[in-house]
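For reference, the structure is listed below as structure tokens.
Count residues from 1 along the sequence. FYI, side chains are in, hydrogens and waters are out, and symmetry mates aren't considered; it's all heavy atoms of this structure.
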Amino acid sequence: MLVDDSSSLPSLTMNDDTVPTVFRWEHGGRQVYITGTFNGWSKQIAMKRSGNDFTYIHNLKRGKHAFKFIVDDEWRFAPDQQTVADIEGRINNFIDVSDFVAYEGDADFGVKTLRGEAEDVVDEVFSNVSPDMDEYAKEPPALPPHLRHIILNKPPQLGDTGVLPPPQHVALNHLYCTAIKDKMMVLGITQRYKTKFCTTVYYSPVS
């Protein structure tokens with residue numbers, strides 16, 4: 001079995017006899033290849049990885065096609081896709097692109113949109129009414145309670161100033177500041193990289 005590990009992308013030019021089709025593997029693995037009736041089962045084609053998923057795009061001839069994945073040297077089929085058994089009882093994935101019809105858009109969509117927007121503008125009423133003074137005297141909205149649980153408000157654990165509790169994900173990438181005390185403002189922001197958290201604290205003197 002030949003293995004095609006070329007990084008070049010296949011030509012996606014579509015005609016009436018071919019259908020650009022996306023194959024997807026979403027069940028883990030380090031290296032995933034695909035093969036099927038579309039290439040006569042003659043070679044294993046490397047799929048492109050994105051996070052934990054793998055994809056490959058191929059121009060399929062109209063008709064029915066069987067295919068299978070090779071995940072870390074193990075032949076597997078995707079359980080969340082259509083399957084079919086061959087004459088020897090082996091389970092393969094299956095796709096039918098015989099009746100595929102490409103969407104070419106609505107030729108009058110732009111004209112209809114512009115005409116509809118023009119009609120809406122004619123019927124719409126504009127004004128410049130200023131808000132009442134009472135609106136300015138209202139209290140600002142309350143801070144969501146989960147945003148109060150931040151690193152700057154947490155005492156260190158076990159008496160070790162280098163040990164802090166894991167922050168909640170809703171508190172990440174927000175800039176927080178404490179009340180000014182002794183002419184010093186303290187700012188903090190927590191960011192995450194994979195499973196690690198980094199909190200940066202800034203001390204700014206206030207004159």
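Side-chain contact between Ile95 and Gln82: absent, with no pair of heavy atoms (C-beta onward) separated by less than 4.5 Å. Proximity of Gln191 to Asn173: side-chain heavy atoms (C-beta onward) are separated by under 4.5 Å at one or more points. Contact annotation: the side chain of Lys68 approaches that of Trp41 to within less than 4.5 Å [non-hydrogen atoms, C-beta and beyond].
Judged purely by distance below 3.5 Å, without hydrogens or angles, the side chains of His174 and Tyr176 never pair a donor atom with an acceptor atom.
The line from NE2 of His65 to CG of Leu60 is 4.5 Å long, rounded to the nearest 0.5 Å. Expressed to the nearest 0.5 Å, how far CZ of Phe94 lies from CG of Asp86 amounts to 13.0 Å. Rounding to the nearest 0.5 angstrom, the gap separating the CG atom in Asp96 from the CZ atom in Arg62 is 10.5 Å.
A search for side-chain contact (heavy atoms from CB on, under 4.5 Å) contacts involving Asp99 returns nothing, not counting sequence neighbours. Legend: residues meeting salt bridge (Lys or Arg N to Asp or Glu O under 4.0 Å) with Glu74, ordered by chain and number and at least two apart, are absent.
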Inset, instruction - Show your working on ring-ring contact (aromatic ring centres under 6.0 Å, His included) between Phe67 and Tyr56 and close with a plain yes or no. - result: CA-CA 12 Å; Phe67 59 95; Tyr56 171 69; over 10 Å; no

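Residues in residues 20-29 take part in these side-chain hydrogen bond (donor to acceptor under 3.5 Å, both in side chains) pairs, two or more places apart or across chains: His27-Asp80.
Within 6.0 Å of CZ on Arg192 lie no more than 12 heavy atoms contributed by other residues, nucleotides or ligands.
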